[in-house]
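Chain A is the first sequence line, chain B the second, and so forth, proteins listed ahead of strands; every chain is numbered from 1.
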Amino acid sequence: MPYTVTATPTALDELALIWTMASDRDAVSRASNKIDAILKSAPLGQGIDLGDYRMLTIEPLTVCYTVSPDDCLVTIRRYIYRG
Amino acid sequence: MVSLTADDTWLLKDLRGFIEPVEIYDASGKFLGLFVPANLERGKQIYAEAVAKIDRAEMERRLQSKEKGIPFEEVRAHLKLLEAEVERRKAAGEKELTPEEAVAFVRSLRRQQHAPDGRTSESGDRTETDRCPTP
């Protein structure tokens, strides 16, 4: 069973803000969908480990996320845009 | 390092988005090869910049937050509805959504989605025998 990928309401607000302000909105949508696809399979092996959380970048987006292996749950807690 | 399972949805422009090496597998789990971006130093720089942008206290607050996560399918649906609203306004000759209005729009979608008489799309229907993949 794959991991369930979620985003906090605060992170979703952030993504909406980023999407609205982005010069290439399609790139933001694609990157967020690809990040979801990657995190579903093996979130603990992706990107970089920052101790309390991990960070993964697919340009133009970076996400900060936590993983709860017992619940098979990934929670995206922050989106960062690099435009 | 990133790993992904290749299928018809992965395009060249997606590979351009990677800033670190990517292990590529087929649907049966067979390792196909390694994609290494041309400029790995740039990837390190991008991560360093992203880490520098993070306010440690704010991140700590978010890590401790009890906010319930929204399933990504819902996130994707809300982005689609936001996109549709932007297109509708454009077609109707109305003024564009400001960033603040866009955030208010997705918040209103969330309120509708989780209204007491509405259906929620929580995805907690798992059995104890279900297992998530070992990283």
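- Heavy atoms of B/Val2 lying under 4.5 Å from chain A belong to its backbone as well as its side chain.
- In this structure, chain B has a heavy atom under 4.5 Å from the side chain of A/Thr62, while its backbone stays farther away.
- In this structure a side-chain-to-backbone donor-acceptor pair under 3.5 Å is missing from B/Ser65 to B/Arg61.
- In this structure, chain B has no heavy atom under 4.5 Å from any part of A/Asp49.
- Classification of B/Glu85 and B/Arg89 as a salt-bridged pair holds, one side-chain N sitting under 4.0 Å from a carboxylate O.
- Heavy-atom distances place no part of B/Glu58 under 4.5 Å from chain A, backbone and side chain included.
- Neither the backbone nor the side chain of A/Leu39 comes within less than 4.5 Å of any heavy atom in chain B.
- Per-residue counts of heavy-atom pairs under 4.5 Å with chain B were compared for A/Arg82, A/Arg25, A/Lys34; the largest is that of A/Lys34.
- Heavy-atom distances place the backbone of A/Tyr81, and not its side chain, under 4.5 Å from chain B.
- With respect to the salt-bridge test (charged N to carboxylate O, under 4.0 angstrom), the residues B/Glu73 and A/Lys40 qualify.
- Both A/Tyr79 and B/Met59 belong to a single network of hydrophobic side chains, linked directly or stepwise wherever heavy atoms of I, L, V, M, F, W or Y lie under 4.5 Å apart.
- At a 4.5 Å heavy-atom cutoff, the contact between A/Ile80 and chain B is made by side-chain atoms alone.
- Judged by distance alone, the side chain of B/Glu101 and the main-chain N or O of B/Thr98 form a donor-acceptor pair under 3.5 Å.
- Using modelled atom types, no side-chain atom of A/Thr6 and backbone atom of A/Leu73 make a donor-acceptor pair closer than 3.5 Å.
- Heavy atoms of A/Arg77 lying under 4.5 Å from chain B belong to its backbone as well as its side chain.
- Only the side chain of A/Met21 comes within contact range of chain B, judged by heavy atoms closer than 4.5 Å.
- Both the backbone and the side chain of B/Arg62 come within less than 4.5 Å of a heavy atom of chain A.
- Only the side chain of A/Thr66 comes within less than 4.5 Å of a heavy atom in chain B; its backbone stays farther off.
- Residue with the most contacts toward chain A among B/Val86, B/Leu4, B/Leu97: B/Val86 (heavy-atom pairs, distance under 4.5 Å).
- In this structure, A/Arg78 pairs ionically with A/Glu14, as a charged nitrogen and a carboxylate oxygen lie closer than 4.0 Å.
- Within the 4.5 angstrom heavy-atom criterion, no atom of A/Ala31 approaches chain B.
- Counting all heavy atoms, side chain and backbone alike, A/Thr8 lies closest to B/Ile70 at C-CD1, 4.4 Å.
- Looking at B/Val51, both its backbone and its side chain come within 4.5 Å of chain A, counting heavy atoms on both sides.
- Applying the 6.0 Å contact sphere to CD of B/Glu94 captures more than 12 heavy atoms from other residues, nucleotides or ligands.
- Listed for the A/Thr57 side chain is no donor-acceptor partner under 3.5 Å among the backbone atoms of A/Glu59.
- B/Lys80 does not touch chain A: none of its heavy atoms, backbone or side chain, sits under 4.5 Å away.
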